[in-house]
Amino acid sequence: MLRIWDCFLLEGPKVLFRFAIALLGIHEPEILDKSDTISVMKVLKAAVKLTYDIDGLIKMAFDELSPFPTREQLHAKQLSYLEVLHERLNKRQQIRNQLNLMKFPSSSALLSNHLRDFPIERITFSRHLSGVGYVLAGHHKKGRLAIIRMTAEKAYMTALNIEFDCRVVSMVIVQADMAFVSLLSGYVVALHLQDNQCTTLWELKLNDVALKLVHSENRVYAALANGTLTVLENVFEHTPSALDLYHIPIGAAPITDAIIVDDHLWLAVACKIVILHRL
């Protein structure tokens, strides 16, 4: 740290940018190996704490990055990237304008008002009701749910009467009238489903975001972003307490997906698969 302070006092704040780029360069393989924002942030935090080779860091910052781009070159790259973003935004706006000109049936009127501006996170179908599924939509400030009903001729989608204060990440339907959703805020919420109505039964704060929820019998398994598998027991009977939760550390990387096959729970963790036997 003192070596970095020496460079900072000698050359000014521009060296901080050099060291930041050097850290990214040293850990480039690990960063490129990640596919989600949470994993990248974990790598960057660990990179700052675990970079002990100061000579290698300074060599990367001043020798291997030489010649360093000038401010004019960086500004030109920023403008070029802004043009790409504007092109993407214009294409999305054109698609949205076309959708606005379309005539929606009455069952989709609520959808056009409440869900059209929300990116869709995923779609979960019910194993208990044929042709019924749920759309998870939202962003970091608001989350919504919609129900899909499909027949041989048509498909209808209607927004449910519930709203969350952040994005809905995952959903598991455990009964025809009961489901669990995980939120970006780290909460797991139990829902009662009936027709187009949705009410909250209880909510519980976990240690991190549950990227995937799966269930078996009277248990719900939550795959967390901090690499922990949280098991919630007796969730159909009452609001789970601390005695109904237990945590299984799997690894440092997020558990991005989970599935139950027979008596085994398969977990996707970074570049490996972890298989657990369900007791």
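Leu160 is listed as a side-chain neighbour of Tyr134, based on a closest heavy-atom distance under 4.5 Å. Two residues are said to be in side-chain contact when any heavy atoms from C-beta on lie closer than 4.5 Å; Ile260 and His264 fail this criterion. Contact check for Leu265 versus Val214: side-chain heavy atoms found under the 4.5 Å cut-off. Side chains of Phe125 and Ile173 form no contact here, defined as non-hydrogen atoms less than 4.5 Å apart. Between Ile248 and Thr230, the closest side-chain pair of non-hydrogen atoms is not below 4.5 Å. For the pair Asn226 and Lys42, the minimum side-chain heavy-atom distance is below 4.5 Å. Residues Val172 and Thr124 are not in side-chain contact: their nearest non-hydrogen atoms beyond the backbone lie 4.5 Å or more apart. Using a 4.5 Å heavy-atom threshold, the side chains of Val231 and Leu245 count as separate.
Judged by distance alone, the side chain of Ser182 and the main-chain N or O of Ser170 form a donor-acceptor pair under 3.5 Å. Side chain of Arg149 to backbone of Met157: no donor-acceptor contact under 3.5 angstrom is found. Here the side chain of Asn161 pairs a donor or acceptor atom with the backbone of Cys198 at under 3.5 angstrom. Checking side-chain atoms of Arg167 against main-chain N and O of Lys142 turns up no donor-acceptor pair under 3.5 Å. In this structure a side-chain-to-backbone donor-acceptor pair under 3.5 Å is missing from His27 to Leu44. The backbone N or O of Pro29 lies less than 3.5 Å from no partner atom in the side chain of Asp33, so there is not a single donor-acceptor pair.
Between Tyr81 atom OH and Leu85 atom CG the span is 4.5 Å, to the nearest 0.5 Å. Expressed to the nearest 0.5 Å, how far CD1 of Ile255 lies from OH of Tyr221 amounts to 13.0 Å.
Counting non-hydrogen atoms of other residues, nucleotides and ligands closer than 6.0 Å to NZ of Lys205 gives a total above 12. Around CZ of Arg122, the count of heavy atoms belonging to other residues, nucleotides or ligands within 6.0 Å exceeds 12. In the displayed structure, Met41 atom CE is contacted under 6.0 Å by at most 12 heavy atoms of other residues, nucleotides or ligands.
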Let's go through Phe180 and Trp202 carefully: what are the C-alpha distance in whole Å and the side-chain angles of both, what is the deciding distance for ring-ring contact (aromatic ring centres under 6.0 Å, His included) to 0.1 Å, and is it a yes or a no? CA-CA 10 Å; Phe180 298 93; Trp202 53 261; 5.6 Å; yes
Go through the steps for Ile147 and Leu193 under the test side chain to side chain contact (heavy atoms under 4.5 Å, CB included), then give the verdict. CA-CA 10 Å; Ile147 185 171; Leu193 307 172; over 6 Å; no
Is there a side chain to side chain contact (heavy atoms under 4.5 Å, CB included) between Leu201 and Leu191 once you walk through the steps? CA-CA 6 Å; Leu201 299 177; Leu191 302 175; over 6 Å; no
I would like to know whether His75 and Lys77 meet side chain to side chain contact (heavy atoms under 4.5 Å, CB included); could you show each step before the answer? CA-CA 5 Å; His75 183 64; Lys77 290 181 179 292; over 6 Å; no
List the steps and the verdict of side chain to side chain contact (heavy atoms under 4.5 Å, CB included) for Leu24 and Ile31. CA-CA 8 Å; Leu24 294 176; Ile31 295 174; 3.7 Å; yes
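A pairwise comparison of heavy atoms in Asp257 and Lys212 identifies OD1-NZ, 2.8 Å as the closest pair. Nearest heavy-atom pair, Ser126 versus Leu129, reported as atom, atom and distance to 0.1 Å: OG-N, 3.2 Å. When all heavy atoms of Val169 and Leu183 are compared, the closest pair comes out as CG2-C, 3.9 Å. Contact between Ala253 and Val269 at its shortest, heavy atoms only, is O-CG1, 3.8 Å. Across all non-hydrogen atoms, the minimal contact from Leu224 to Asp208 is CD2-O, 3.8 Å.
Val220 and Trp266 are assigned to two separate hydrophobic clusters, defined by single-linkage of ILVMFWY side chains at heavy-atom distances under 4.5 Å. In this structure, Ile259 is a member of the same hydrophobic cluster as Ile273, with clusters built from ILVMFWY side-chain heavy atoms closer than 4.5 Å. Under the 4.5 Å side-chain heavy-atom criterion for grouping Ile, Leu, Val, Met, Phe, Trp and Tyr, Val261 is connected to Ile275 within one hydrophobic cluster.
For the side chain to side chain contact (heavy atoms under 4.5 Å, CB included) test with Ile148, the passing option among Ile123, Val132, Thr158 is Ile123; the others fail.
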